[in-house]
Amino acid sequence: MKNLKVKKIRDIFIKLKEEYPILILYIGGNFLNAIFLRLFTTGVFQLRSIFFDLAFILFLASFYFIVKKKRRNLYVWITTFLMVAICITNSLYYNYYSSFISVSLLATSVFVKDVGDAVMQMVVRLCDLTYLWMFGALFIFLKKHKEDHNINKKYFRKSLVIVLISLSIGCAMPPYNSFSRLYKLWNRVMVFNSWGPYVYQVDDLVQSLKPTFNNIFGYDNALKNVNDYYNDNKKELKANKYTGIYEGKNVIVIHAESLQRFTIGMELNGREVTPNINKLVKSGMYFNNFYAQVGVGTSSDTEFTYATGLLPSNNGTVFVNYYNNKYVTMQNLLNNKGYYVFSMHGNVGDFWNRETMHMNMGYDKFYSKSSFVIDEEYGLGLSDKSFFRQAVPMIKDIKDNIGQPFYGTLITLTNHTPWKEANTYSDFDTGMYIDVDGEVIRKKYLDDTLMGKYLKSVNYMDQAIGKFIDDMDDAGLLENTIIVIYGDHDARLGKHQFDYMYNYNPYTDSIRTLEHSEYIEFNDYDYELSKSVPFIIWSKDMKENMIIDTPMGMIDVMPTLGNMLGVYNKYSLGRDIMTTKKEDGIVVFKDGSFITDKIYYNAKKNESYTISNGILSDDYITKRSDYADKIIEVSNDIIVYNLIKELD
Ligand code: GP9
Ligand code: MN
């Protein structure tokens, strides 16, 4: 009986192979490409996802039986092209971002293009092009085999039945929470792993189109969700000893491009990388367990999370895709209090759609590249030193002619990856000196590495900031002003850059390995934790230096700094860190991962890494994971469905 069935299936297959060779290539080739994609990206092969690949390809293949004869080849070409494109773009994208691509990025890609050099770093591996073999094979097959079938509705129906069977088998297999992941799509890697690349991309397409159809699709549900969340978590303004301490003061916020915390206090050859920022750290409020919470919108996501206390969107970038929606921001709250609110940046105004979005956020004016004399350019635009030099008289002019208080965001630029001209603008020494038989020898060490260029560039930015603060002081602009500095996100340095920096052996010109007594371990989690950025609040007359080590994310700035400035944003999902116990601090990342004082939880791998030892309750991770999922969902609903305007 069993043998009979096997024989029957084999016969069907042989018949298909003889009669439909093109179709067999179509199914087999695109299926194989999906396997390759897994191999070259996550390396995870979940059996269930393979059934979804099959279901997807067979679904497309089923139309082969009902497409008109003369259109059939075109149909094969177009759909193959789409599937190959999915494989190539995701393969490339994953290598750089460790996540999968979103069609909503198409709107954002114009900005990525402008960061040209950074994109050039996006290494194209040969394996990323493997998928192209399918075009060659298809070309040969179409030339060799001429299929001349009429429309066959019976086969069409039969293949749809197989599609349904494949889908059902896939769905019946664990993990069962993959349905909610598919629906929410903030952990793209997990969706990819359990649903396969093709279903992932269809899901992404649907999610990206959601805002367009939001009135018919999910809007009511989202509104209810968000309303329930705020009702259940009513946050009343709780005054504390920091409430209003800086009320009415001018504020200058320095958005420091790619400034990571590990550079603070770091020395190379006896020279500090950030001597000027170190001074602020030692005399101001220094939040040394602080993380940016960005998505694909990097700089702009930090601006958004800082200003609103919401997390970035999972579908596209707020600044680009949802710039017209209503948000409550630090800027418009201060504006309502009578502040003159402005931003300055040495790049073109439409980068990240800032020109439009800054107005929506409540800035009175955005001084972009065209407001400055472009007398020195590095990377994406005006050099930081020139930018800050020109900013001082502009701020003086605001003070004298528009009035106080003012709130200004100064966005730096030179420290943007890949720091190609670092040797031109920085003399910071990234070599290493060793004593060989009484003679001092200089080894190149970090000289031509990305890390070396980065450190040089950070040192340059630090000098620019130091000079700016001196100039502000000379112009009498520091008397009634607080300075806020944050690193906007990590610098996208590869892990191997750290391995090399920590384990370089100058005597052998090699990298120390585990066996070596001086080996410094730097594992995947050390790498994640090293993405921490500094957050500093400083004023000239500050009485005491404070170090705050409670885990804190960018969304906590609105409630923390806002409280000091006497403004309150009831929609912020962050916490006032000055009154948050260290054990309650949590930094939620966009993919559901989080950091507390005890662990780093990686949602992609569902594993945790101990930061400090201690007994964790059984539900420690589940509770926080649920919380992370909730605030990601609420933020996303607010952004995608423009819900602030619906809430009271
Ligand atoms: C560009 C700058 C960089 O103006 O803010 O943006 P990023 O690439 O860091 O998101
Ligand atoms: Mn940036």
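FYI, the numbering just counts along the sequence from 1.
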Side-chain H-bond candidate by donor/acceptor type, Asn150 with Lys69, under 3.5 Å
yes
Ring centers of Tyr94, Phe192 separated by less than 6.0 Å
no
State, to 0.1 Å, how close Tyr601 and Ser625 come at their nearest heavy-atom pair, and which atoms those are.
CE2-OG, 3.7 Å
Rounding to 0.5 Å, atoms NE2 (His489) and OG1 (Thr298) come to a distance of 4.5 Å
State plainly whether the residues Asp220 and Lys224 are in salt-bridge range, i.e. N to O under 4.0 Å.
no
Mind listing the closest non-hydrogen atom pair of Ser49 and Arg38 along with its distance?
OG-NH2, 3.0 Å
Side chain to side chain contact (heavy atoms under 4.5 Å, CB included) evaluation trace for Tyr93 with Thr41:
CA-CA 9 Å; Tyr93 191 83; Thr41 54; over 6 Å; no
Check this for me: Tyr519, atom OH, are more than 12 non-hydrogen atoms of other residues, nucleotides or ligands nearer than 6.0 Å?
yes
side-chain contact (heavy atoms from CB on, under 4.5 Å) with Ile86: of Ile88, Val84, Asn90, only one passes, and it is Asn90
Would you call the rings of Phe522 and Phe498 parallel, tilted or perpendicular if under 30° counts as parallel and over 60° as perpendicular?
parallel
Smallest heavy-atom separation, Gly592 atom then Ala603 atom, equals C-CB, 3.5 Å
Output yes when a side-chain donor or acceptor of Ser159 lies under 3.5 Å from a complementary backbone atom of Ser62, and no otherwise.
no
Can you measure from CG (Asn503) to CD (Glu521) and round to the nearest 0.5 angstrom?
10.0 Å
State whether a side-chain donor-acceptor pair under 3.5 Å links Asn602 with Glu528.
no
Do Asp53 side-chain atoms and Gly196 backbone N/O form a donor-acceptor pair below 3.5 Å?
no
Rounded to the nearest 0.5 angstrom, the NE2-NZ distance for His145 and Lys143 is 13.5 Å
Tell me if a side-chain donor or acceptor on Asp301 pairs with a main-chain N or O of Gly295 at a distance below 3.5 Å.
yes
Ignoring hydrogens and angles, tell me if any N or O in the side chain of Tyr454 forms a donor-acceptor pair with the backbone of Ser258 under 3.5 Å.
yes
Inspect the contact between Arg188 and Asp591 and indicate whether a charged nitrogen and a carboxylate oxygen are less than 4.0 angstrom apart.
no
With a 3.5 Å distance limit and no angle check, can you tell me whether Thr130 reaches the backbone of Cys127 through a side-chain donor-acceptor pair?
yes
Do Arg72 and Trp77 meet the cation-pi criteria used here (NZ or CZ under 6.0 Å from the six-membered ring centre, within 45° of the axis)?
no
Within 45 degrees of the ring normal and closer than 6.0 Å to the centroid, is that where the cationic atom of Arg575 sits relative to Tyr627?
yes
Residue pair Glu583 / Thr596, side-chain heavy-atom distance below 4.5 Å
no
Could you report the tightest heavy-atom contact between Leu616 and Lys598, atom names first, then the distance?
CD2-CD, 3.4 Å
What I want to find out is whether Lys630 reaches Asp232 closely enough, with some N-O distance under 4.0 Å, to be called a salt bridge.
no
Can you find a heavy atom in the side chain of Trp195 that is under 4.5 Å from one in the side chain of Arg48?
yes
State, to 0.1 Å, how close Ala34 and Pro197 come at their nearest heavy-atom pair, and which atoms those are.
CB-CG, 3.7 Å
Have a look at His149 and tell me which of Phe65, Tyr20, Phe156 forms a ring pair (Phe, Tyr, Trp, His ring centres under 6.0 Å) with it.
Tyr20
Classify the angle between the aromatic ring planes of Phe63 and Phe59 as parallel (below 30°), tilted (30 to 60°) or perpendicular (above 60°).
perpendicular
Any salt bridge between Lys7 and Asp11, counting N to O under 4.0 Å?
yes
Does Tyr620 have Arg624 sitting over its ring (NZ/CZ under 6.0 Å from centre, angle to axis within 45°)?
yes
Strictly under 6.0 Å, is that where the ring centroids of Tyr64 and Tyr75 end up?
no
I'd like to know whether Val318 forms a side chain to side chain contact (heavy atoms under 4.5 Å, CB included) with Met357, so could you lay out the CA-CA distance, the side-chain angles of the two residues, the decisive distance to 0.1 Å, and finally the verdict.
CA-CA 9 Å; Val318 181; Met357 184 62 183; 4.1 Å; yes
Quick check against the 3.5 Å criterion: does Gln293 have a side-chain atom that pairs as donor or acceptor with the backbone of Leu311?
no
Does the side chain of Thr622 come under 3.5 Å of the side chain of Asp619 through a donor N or O and an acceptor N or O?
no
Spell out, as yes or no, whether a donor-acceptor pair under 3.5 Å connects the side chain of Asn325 to the backbone of Ile639.
yes
Flag side-chain contact, heavy atom, 4.5 Å: Tyr327 against Tyr571:
no
Can you tell me if Asp556 uses its side chain to pair, donor with acceptor, with the backbone of Gly574 under 3.5 Å?
no
Once rounded to the nearest 0.5 Å, what's the spacing between atom CZ of Phe135 and atom CD1 of Ile140?
14.0 Å
Using 0.5 Å steps for rounding, measure from the CZ atom of Arg492 to the OG1 atom of Thr417.
6.5 Å
Ser299 backbone acceptor or donor facing Asp488 side chain under 3.5 Å:
no
If you measure from CG on Asp499 to NZ on Lys495, what distance do you get to the nearest 0.5 Å?
4.0 Å
N/O donor-acceptor pair under 3.5 Å between Asn231 side chain and Asn227 backbone
yes
Flag the pair His496 / Tyr500 as yes when at least one side-chain heavy-atom distance between them is below 4.5 Å, and no otherwise.
no
Shortest non-hydrogen contact between Met83 and Ile57, atoms and distance
SD-CG1, 4.1 Å
A side-chain contact here means heavy atoms from C-beta on lying under 4.5 Å apart; do Thr80 and Asn30 qualify?
yes
Side chains of Phe594 and Ile599: does their closest heavy-atom pair fall under 4.5 Å?
yes
With heavy-atom distances below 4.5 Å as the criterion, would you say the side chains of Phe52 and Cys171 are in contact?
yes
Ile595 versus Tyr291: any side-chain heavy-atom pair under 4.5 Å?
yes
Do other residues, nucleotides or ligands put more than 12 heavy atoms under 6.0 Å from the OH atom of Tyr323?
no
Taking it one step at a time, do Ile50 and Ile35 satisfy side chain to side chain contact (heavy atoms under 4.5 Å, CB included)?
CA-CA 8 Å; Ile50 291 180; Ile35 302 282; 4.1 Å; yes
Other residues, nucleotides, ligands: >12 heavy atoms within 6.0 Å of Lys144 NZ
no
Quick one: are the ring centres of Phe319 and Trp352 less than 6.0 Å apart?
no
Between Arg125 and Asp128, is there a side-chain N and carboxylate O pair less than 4.0 Å apart?
yes
Atom NZ of Lys645 with >12 non-hydrogen neighbours under 6.0 angstrom:
yes
Begin with the C-alpha distance, continue with both residues' side-chain angles, and end with the deciding distance and a verdict on side chain to side chain contact (heavy atoms under 4.5 Å, CB included) for Val199 and Leu182.
CA-CA 9 Å; Val199 173; Leu182 185 75; 4.3 Å; yes
